[in-house]
2 protein chains.
Amino acid sequence: MNHRPAEEASWSRRFAGTGHRLTAQRRVIMRHLAGIRRYLTARELHARLARSHPRMGLATVYRTLEMLRELDLVASTPRGAGEAAYLYCAGDHHHHAVCTRCGRVDDVPCRSLPGFERMLSSSYQFRLTEHQLEFYGVCARCS
Amino acid sequence: MNHRPAEEASWSRRFAGTGHRLTAQRRVIMRHLAGIRRYLTARELHARLARSHPRMGLATVYRTLEMLRELDLVASTPRGAGEAAYLYCAGDHHHHAVCTRCGRVDDVPCRSLPGFERMLSSSYQFRLTEHQLEFYGVCARCS
DNA sequence: AGTACTATCGAGAATGATTCTCGATAGGTG
DNA sequence: CACCTATCGAGAATCATTCTCGATAGTACT
């Protein structure tokens with residue numbers, strides 16, 4: 001649960017720009033997410049914060065995660081039974097390698113995708129605007 | 001809504017192998033999916049079949065889509081408000097290019113991914129087992 | 001073809017994730 | 001420091017999906 005002041009300054013600045021208030025709840029949620037390299041559902045996050053912040057409402061967690069997603073500060077992925085899971089994901093565009101054993105997530109830079117883009121453009125006349133890529137496998141620690 | 005006997009033979013054979021019964025409802029659902037190149041939610045599919053098959057139950061549509069997904073005959077992707085959308089997707093492994101205007105889906109062969117796999121293996125010591133890739137953009141017809 | 005066995009079906013209830021409602025609270029601005 | 005109002009917490013409401021159960025219809029075997 002490392003707390004990096006530099007990163008915190010980065011997203012707290014982003015809040016100011018959008019007119020959103022930097023409340024205590026949002027700070028707590030953002031700090032927790034930034035300090036953990038795995039996907040968490042709203043319920044899991046709420047449970048983790050229950051000890052230190054017993055009055056934090058589940059609706060607040062959902063609202064905050066949705067807002068962070070809109071600000072591109074977190075990424076979301078669907079999990080098993082119709083649940084969405086969230087991951088801190090600020091900064092430049094990249095992809096994720098998720099370990100299927102321990103759940104740890106590594107960031108993977110977005111290289112060679114231009115190759116796909118060229119192929120889509122030439123062979124399919126498809127103008128690429130967005131893409132979503134997720135890797136699953138076994139990380140170095142679990143091998 | 002083209003009905004291709006060759007493809008139908010292909011997935012009807014797959015049913016037999018798994019011990020699942022090839023019921024009238026499953027045939028109707030499979031035919032409809034195979035004849036349309038776009039993602040459909042369970043509700044949308046149920047609504048489309050309502051005219052020709054008024055007695056088709058929504059639960060049957062959900063059950064069938066889930067089974068088809070397990071058999072790798074359809075792919076699913078999350079849509080806006082927590083809904084899952086399904087696409088006919090039999091045959092070899094490939095990816096999808098989804099037009100954000102008309103919703104049409106083109107199949108894209110799975111090339112150059114070995115490049116990603118090599119990078120993950122060498123730089124991250126990550127052994128890739130699965131991946132999920134979806135393209136979004138504007139197709140040739142909509143440009 | 002006829003029969004038996006049981007997977008599957010339809011309808012509606014149940015479940016569970018997410019969102020909404022509303023009075024209370026607390027950022028942020030002047 | 002006070003005001004304005006975005007945000008909060010608690011619980012109700014919503015909505016996609018799954019479950020329950022008696023009825024139906026594939027499939028295997030005669």
Original post:
With the threshold set at 4.0 Å, does a side-chain nitrogen-carboxylate oxygen contact exist between A/R79 and A/E44?
Top reply: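 Salt bridge between A/R79 and A/E44, a charged N being under 4.0 Å from a carboxylate O: yes.
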Original post:
Would you call B/D107 and B/R37 a salt bridge, taking side-chain N to carboxylate O under 4.0 Å as the test?
Top reply: yes
Just how far, in rounded Å, is [atom2] of [N] from [atom1] of [X]?
{"X": "A/R26", "N": "D/dT7", "atom1": "CZ", "atom2": "P", "result": "4 Å"}
{"X": "B/E66", "N": "C/dT8", "atom1": "CD", "atom2": "C1'", "result": "16 Å"}
{"X": "A/R79", "N": "C/dG16", "atom1": "CZ", "atom2": "C1'", "result": "15 Å"}
{"X": "A/L65", "N": "C/dT18", "atom1": "CG", "atom2": "C1'", "result": "12 Å"}
{"X": "B/R63", "N": "D/dT18", "atom1": "CZ", "atom2": "C1'", "result": "9 Å"}
{"X": "A/L45", "N": "C/dA17", "atom1": "CG", "atom2": "P", "result": "15 Å"}
{"X": "B/L40", "N": "D/dT17", "atom1": "CG", "atom2": "P", "result": "13 Å"}
{"X": "B/E44", "N": "D/dA16", "atom1": "CD", "atom2": "P", "result": "11 Å"}

Subject >> Position toward the 5' end of DNA chain C (nearest nucleotide), A/A84 or A/R27 >> reply: A/A84
Checking contacts here: which listed nucleotide ([options]) is nearest the side-chain heavy atoms of [X]?
{"X": "A/L22", "options": "D/dT17, C/dT21, C/dG28", "result": "C/dG28"}
{"X": "A/R55", "options": "D/dA10, D/dT17, C/dG10", "result": "D/dA10"}
{"X": "A/Q25", "options": "D/dG11, D/dT17, D/dC8", "result": "D/dC8"}
{"X": "B/A59", "options": "D/dC8, C/dT18, C/dA11", "result": "C/dA11"}
{"X": "A/E83", "options": "C/dT18, D/dT17, D/dG9", "result": "C/dT18"}
{"X": "B/H20", "options": "C/dT8, C/dG10, C/dA17", "result": "C/dT8"}
{"X": "B/T64", "options": "C/dC9, C/dG27, D/dA10", "result": "C/dC9"}
{"X": "B/R21", "options": "C/dA7, D/dT17, D/dT7", "result": "C/dA7"}

With a cut-off of less than 4.0 Å, is there a side-chain N or O of [X] near OP1 or OP2 of [N]?
{"X": "A/Y62", "N": "C/dT18", "value": "yes"}
{"X": "A/R43", "N": "C/dA17", "value": "yes"}
{"X": "A/T23", "N": "C/dA26", "value": "no"}

Original post:
Would a distance-only check, ignoring hydrogens and angles, find a side-chain to backbone donor-acceptor pair under 3.5 Å from B/S122 to B/R118?
Top reply: yes
Subject >> Backbone N/O of A/R51 and side chain of A/H53: donor-acceptor pair under 3.5 Å >> reply: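 Answer holds: no.
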**OP:** With salt bridge (charged side-chain N to carboxylate O under 4.0 Å, His left out) as the test, would you mind laying out the steps for A/R69 and A/E66 before giving the verdict?
**Re:** CA-CA 5 Å; A/R69 205 177 53 73; A/E66 172 57 19; 3.2 Å; yes
